[in-house]
Amino acid sequence: MTFRRTKIVATLGPASSSPEVLEQLILAGLDVARLNFSHGTPDDHKARASLVRELAAKHGRHVALLGDLQGPKIRIAKFENKRIELKDGDLFRLSSSHSRTAGTQEVVGIDYPALIQDCDVGDELLLDDGRVVMRVELKGADELHCRVLIGGPLSDNKGINRRGGGLTAPALTEKDKADIKVAAEMDLDYLAVSFPRDAADMDYARRLLTEAGGTAWLVAKIERAEAVADDEALDGLIRASDAVMVARGDLAVEIGDAELVGIQKKIIAHARRLNKAVITATQMMESMIHSPMPTRAEVSDVANAALDYTDAVMLSAESAAGEYPVEAVQAMARVCLGAEKHPTSKQSSHRLGRTFERCDESIALATMYTANHFPGVKAIISLTESGYSPLIMSRIRSSIPIFAFTPHREAQARVALFRGVYTVPFDPASLPANKVSQAAVDELLKRGVVEPGDWVILTKGDSYHGTGGTNTMKILHVGDPMV
Ligand code: G6P
Ligand code: MG
């Protein structure tokens, strides 16, 4: 049995909210549905979320829900006539006092007055993901006078970044704070924080989410130059999060596209080393917004992220607003499976030369070492409370599937993001202790994952509850009597 190990995150939007399309996305292999709080109302998101949960249950699938906060994206306001055309060399002003609805060929309002203080003469500003570039030539009390370096069309509400990063907008806006409450109400499995600067931004989001009663795991979107400035900054942000996203859109604008690929590889490696999950996002199948087939370059992008051992690859507009959302998920699934055949995605250096910090981590890594070196092992069963034990296992490259056996809905959904991890609903506490191993293996026999004669590794703790308690690994021979 071949399981796809790299997981697929797809953004839901107008193109993917009907029950028919959603059902097809789930059947095509959707693992995590992303709800983008930058668009739509809480009611739209609630309707999509309950439809996803309903349709996944219908097909016996576990699809996690990821909410994505809008964050403090700095934007220009609107134009009198929706759009203008800037030419190289033009003078153009960004003004905090100009009307928010009446931008002209010479000036446009901005939503974020602190931009004026934050910028200095000589700074380069990138508008609309870098399609239009201008340099600050003069700073007034409430406006920046800029010279256009790269002209082009500019329309309502386009984003502004500064080359090199460093704009100081706090990561959580009032809208984000309200959306955190919505996320808690919806019992979302993951919540992504946009533009976090450092660990403190993540800690603050976590405090607000906990206060609102949410249990979502927090995803830091890595999209500011400061976040990748050095290893200390990056690792600090990763440690304060449960998972990270390589948010390539804004990140590439801030650090330059030439730096992006190297930084992507580094973020994936660091996240995995620090025992966190990682999503690679933005423009992975961009041409599929209008085409049923990806380009070779897109195939290569998805495959390379899979070879670097990202947990998941993500679709944005392709699935939210494109013409071929189902084909995009199918293409990703196909390309990931292909990449996973390559030997480098099965081999591991097993953290040789490193020390482990915890007992459960030691068991998890010993399990992977054994699974990768004992050819008869066909599956790993991890009895888990939170999904933590299988998360650690899946930080190690392997071709052996890891099954998270858990009675908890939250953990069942959460592991959908982890590379090579699948869930089996299972409550060991409802069985006599000497029946647990056999009952667990029976679940895999029933699903056709193993057959008599195969080996299976099972991990658990001394008691059948309590996260962090994993201290045992058993090697079981399928077909032999088990205790
Ligand atoms: C289940 C098992 C326990 C184990 C725990 C680990 O509850 O029955 O024996 O200690 O999972 O959970 P964790 O969240 O750390 O993976
Ligand atoms: Mg972004």
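Both ligands and their constituent atoms are indexed starting at 1 by order of listing. Treat the numbers as computed from the prediction; the structure is a model and nothing was measured.
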So, using side-chain contact (heavy atoms from CB on, under 4.5 Å) as the criterion, who are the partners of Pro481 when residues are at least two apart? none

Please report whether ligand 1 has a polar contact with Lys460, defined as an N or O pair separated by less than 3.5 Å (distance criterion only). no

Contact (N/O only, under 3.5 Å) between Pro390 and ligand 1: no

Would you say that Leu383 contacts Val436 through its side chain, given a criterion of any heavy-atom pair below 4.5 Å between the two side chains? yes

Numbered in order shown, the ligand 1 atoms found under 4.0 Å of a heavy atom of Gly468 are 13 (P), 15 (O)

Suppose we screen for side chain to side chain donor-acceptor pair (under 3.5 Å). Which residues come up paired with Arg162, at least two apart in sequence or across chains? Asp123

Going by distance only, is there an N or O of Asp462 that falls short of 3.5 Å from an N or O of ligand 1? no

Measure the distance from atom 5 (C) of ligand 1 to every protein heavy atom, then report the residue, atom name and distance (to 0.1 Å) of the closest one. Gly466 O, 3.5 Å

Arg419 and Ser394: side-chain donor and acceptor closer than 3.5 Å? no

Check which protein N, O or S atoms are less than 2.8 Å from the Mg ion (ligand 2) and report how many there are. 2

Should the pair Lys7 and Tyr422 be classed as cation-pi, given the thresholds of under 6.0 Å to the six-membered ring centre and 45° from the axis? yes

Return the option from Ala404, Ala364, Gly469 holding the heavy atom at the smallest distance from atom 10 (O) of ligand 1. Gly469

If the threshold is 4.0 Å, N to carboxylate O, is there a salt bridge linking Arg414 and Asp242? no

Considering the heavy atoms of Gly461, write down every atom of ligand 1 situated less than 4.0 Å from one of them. 3 (C), 4 (C), 9 (O), 10 (O)

Counting from 1 in the order shown, the ligand 1 atoms closer than 4.0 Å to a non-hydrogen atom of Ser389 are 13 (P), 15 (O), 16 (O)

Residue and atom name of the nearest protein heavy atom (relative to atom 6 (C) of ligand 1), distance in Å to one decimal: Thr470 OG1, 3.4 Å

Report the residues that fulfil side chain to side chain donor-acceptor pair (under 3.5 Å) with Asp230, sequence neighbours left out, ordered by chain and then residue number. none

Heavy atoms of Met134 and Cys146 approach each other most closely as SD-CB, 3.7 Å

Check: Lys460/Thr472 side-chain N/O donor and acceptor closer than 3.5 Å: no

Any salt bridge linking Arg100 with Asp156? Criterion: basic side-chain nitrogen under 4.0 Å from a carboxylate oxygen. no

To which protein heavy atom is atom 2 (C) of ligand 1 closest, and what is the distance rounded to 0.1 Å? Leu383 CB, 3.7 Å

N/O to N/O below 3.5 Å, does that happen between Pro428 and ligand 1? no

Starting from atom 12 (O) of ligand 1, which protein heavy atom do you reach first, and at what distance in Å? Glu385 N, 3.0 Å

So that I can tick it off, tell me whether Arg248 and Asp301 are bridged by a salt bridge, with the cut-off set at under 4.0 angstrom between side-chain N and carboxylate O. yes

Verify whether one side chain among Asp360 and Ser389 offers a donor that lies under 3.5 Å from an acceptor in the other. no

The atoms of ligand 1 lying under 4.0 Å from a heavy atom of Tyr464, numbered in the order shown, are 7 (O), 8 (O)

Residue Ser463 vicinity, atoms of ligand 1 by number, heavy atom under 4.0 Å: 3 (C), 8 (O), 9 (O)

Check Thr11, Leu191, Leu188 against Leu35 for a side-chain contact (heavy atoms from CB on, under 4.5 Å) and give me the one that passes. Leu188

